[in-house]
Amino acid sequence: MSGWRDNIREVTPYTPGEQPKISDVIKLNTNECPYGPSPKVKKVLDEMNYKRFRLYPDPNASKLVGAIAKYHGVSKEKVFVGVGSDDVLGMAFLTCFNSDKEILFPDITYSFYDVWADLFKISYKTIPLDEDFRIKKEDYFKENGGIVFPNPNAPTAVEMPLSDVEDIIAKNPNVVVIVDEAYVDFGGTSALKLIDKYDNLLVVRTYSKSRAMAGMRIGYAIGNEELISKLKAVKFSYNSYTMNMPSIEAGVAAIEDDDYFREIVGKIITTREKAKEELKKLGFSCTDTKANFLFASHKEIQASVIFEELKKRKIFVRYFNKPRIDNYLRITVGTDEEMKKLYEALEDIVNTCK
Ligand code: PMP
């Protein structure tokens, strides 16, 4: 009866945060950067000759790989680029998690991990965070088919000390440990310095947050040459021309403008620290965030109620209706003006809803 349906791959896709169609919203729901990219990005895009687009882009994105390698002081052979870190992570799952053993990741984490695992038929086990939403390193000292976690974690924003990250890597020499550093630039400590020490470490980064370029879709991984060559082999077995020409050019310009990067990251950190205080005054408690977002819970009002009330006021934040975190809101750090409007709205909600 079902015919061809028996042969179809059934997956439950990842649900990205809402991209509202209406204008004049305050968008604090997908951890984008509230500031624009470096002005140097505008310059290279303005100067691009559109006639070049008739040609395929460089399948190796060599110029971008070179700029990223230079920025991090590593050889080009240690860098793999992709269409956002989602693409890089997907390729890394496909390449590195290829045993019959379960891969491990936290129960509360980036909700794409279980989606890739299901898509690629990788068995997995989620490990509960402790009551303070911390990853306990000892939980990862057991047999497994690979390990992945963000540091700082998402959506909790909590950072694991680098010494604990190193212990996990060191205790698991027979599997790849992927450290997803999407948010590390906002005050976290990177595992990149461990790359030469451990050949089972893959560090994944993105341009979407700290380089204000979510729309250009650029992500990358850094690891030892052999691991990167395996990743490339899988990528080139799937799709060669993934990085488009404007993204390659814009990606080079952005990573070369370190002053601008430091300026916007500094502004976001300052706004975030103020936001912690403001939210506290309004009766919220927040995790010790090292990311460009806050993970906040109100002592009296349900997160789902605040979420809906904010939406009515055209302020979008993220709410996850999931066990353990269903009374939390993930709030991206916006500009000071946006955050001021958020505090005003929250004050109103707190006064009317309690
Ligand atoms: N990792 C984590 C932890 C994230 O929160 C995100 C953003 N959704 C990503 C990776 C992917 O970001 P991008 O594909 O835009 O690089």
Side-chain angles (χ1 to χ4, degrees), residues 13-19 27-34 37 61 64 68 79-94 96 103 105-117 119 126 129 133 135 147-160 165 177-188 190-191 202-222 231 235 239 242-244 247-248 250-251 254-255 261 268 287 289-295 316-320 322 325 328-333:
Y14 169 74
T15 319
E18 199 175 339
Q19 295 295 342
K27 197 174 171 306
L28 308 175
N29 67 335
T30 49
N31 297 341
E32 288 139 332
C33 179
L64 180 58
I68 292 169
V79 178
F80 173 83
V81 295
V83 185
S85 56
D86 280 343
D87 180 39
V88 175
L89 285 162
M91 286 294 131
F93 269 57
L94 192 53
C96 307
I103 64 161
F105 50 85
D107 62 339
I108 301 166
T109 194
Y110 185 30
S111 43
F112 223 137
Y113 297 160
D114 54 348
V115 175
W116 284 311
L119 175 65
T126 57
L129 298 178
F133 293 143
I135 294 174
I147 294 171
V148 57
F149 52 83
N151 200 33
N153 196 5
T156 61
V158 176
E159 191 197 17
M160 176 169 24
V165 174
V177 178
I178 302 176
V179 185
D180 176 356
E181 294 192 339
Y183 301 103
V184 78
D185 290 326
F186 302 100
S190 175
L202 190 73
V203 175
V204 178
R205 293 284 189 96
T206 179
Y207 272 55
S208 298
K209 322 292 176 184
S210 54
R211 296 194 191 271
M213 282 172 64
M216 293 307 276
R217 311 304 303 126
I218 306 172
Y220 59 95
I222 300 189
L231 262 171
K235 178 238 147 84
N239 185 356
T242 47
M243 296 298 295
N244 66 60
S247 291
I248 293 173
I255 208 153
F261 164 76
I268 291 166
T287 58
T289 169
K290 290 286 188 300
N292 67 337
F293 58 89
L294 301 123
F295 199 52
F316 285 65
V317 298
R318 191 95 194 249
Y319 171 68
F320 299 92
K322 287 188 176 171
I325 56 169
Y328 280 82
L329 295 172
R330 194 195 68 187
I331 307 170
T332 306
V333 177

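Start at 1 and go down the list; that is how both ligands and their atoms are numbered. Only heavy atoms go into these numbers, but all of them, side chains included; no hydrogens, no water, no symmetry mates. None of the values given here were measured: they were computed from a predicted structure.
Partners of F320 under the ring pair (Phe, Tyr, Trp, His ring centres under 6.0 Å) rule, at least two apart in sequence or in another chain, do not exist in this structure.
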Quiz item: Should Y113 and D180 be marked as a side-chain hydrogen bond (donor to acceptor under 3.5 Å, both in side chains) after you check the CA-CA gap, both sets of side-chain angles, and the distance that decides it?
Solution: CA-CA 11 Å; Y113 297 160; D180 176 356; 2.7 Å; yes
Quiz item: Would W116 and Y14 satisfy side chain to side chain contact (heavy atoms under 4.5 Å, CB included), going step by step from the backbone distance to the final call?
Solution: CA-CA 9 Å; W116 284 311; Y14 169 74; over 6 Å; no
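Side-chain contact between R318 and L329 is absent, with no heavy atoms from C-beta onward closer than 4.5 Å. Using a 4.5 Å heavy-atom threshold, the side chains of Y183 and F293 count as touching.
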Present, as a list of atom pairs with distances to 0.1 Å, all nitrogen or oxygen contacts under 3.5 Å between ligand 1 and the protein.
{"residue": "ligand 1", "atom": "1 (N)", "partner": "D180", "partner atom": "OD1", "Å": "3.3"}
{"residue": "ligand 1", "atom": "1 (N)", "partner": "D180", "partner atom": "OD2", "Å": "2.7"}
{"residue": "ligand 1", "atom": "5 (O)", "partner": "Y183", "partner atom": "OH", "Å": "2.7"}
{"residue": "ligand 1", "atom": "8 (N)", "partner": "Y110", "partner atom": "OH", "Å": "3.2"}
{"residue": "ligand 1", "atom": "12 (O)", "partner": "S85", "partner atom": "OG", "Å": "3.3"}
{"residue": "ligand 1", "atom": "14 (O)", "partner": "S85", "partner atom": "N", "Å": "3.2"}
{"residue": "ligand 1", "atom": "14 (O)", "partner": "D86", "partner atom": "N", "Å": "3.0"}
{"residue": "ligand 1", "atom": "14 (O)", "partner": "D86", "partner atom": "OD2", "Å": "3.4"}
{"residue": "ligand 1", "atom": "14 (O)", "partner": "R217", "partner atom": "NH2", "Å": "2.7"}
{"residue": "ligand 1", "atom": "15 (O)", "partner": "S208", "partner atom": "OG", "Å": "2.6"}
{"residue": "ligand 1", "atom": "15 (O)", "partner": "R217", "partner atom": "NH1", "Å": "2.8"}
{"residue": "ligand 1", "atom": "15 (O)", "partner": "R217", "partner atom": "NH2", "Å": "3.4"}
{"residue": "ligand 1", "atom": "16 (O)", "partner": "S85", "partner atom": "N", "Å": "2.6"}
{"residue": "ligand 1", "atom": "16 (O)", "partner": "S85", "partner atom": "OG", "Å": "2.7"}
{"residue": "ligand 1", "atom": "16 (O)", "partner": "T206", "partner atom": "OG1", "Å": "2.5"}
{"residue": "ligand 1", "atom": "16 (O)", "partner": "S208", "partner atom": "OG", "Å": "3.4"}

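R205 has a carboxylate O that lies under 4.0 Å from a charged side-chain N of D185, or vice versa, which qualifies the two as a salt bridge.
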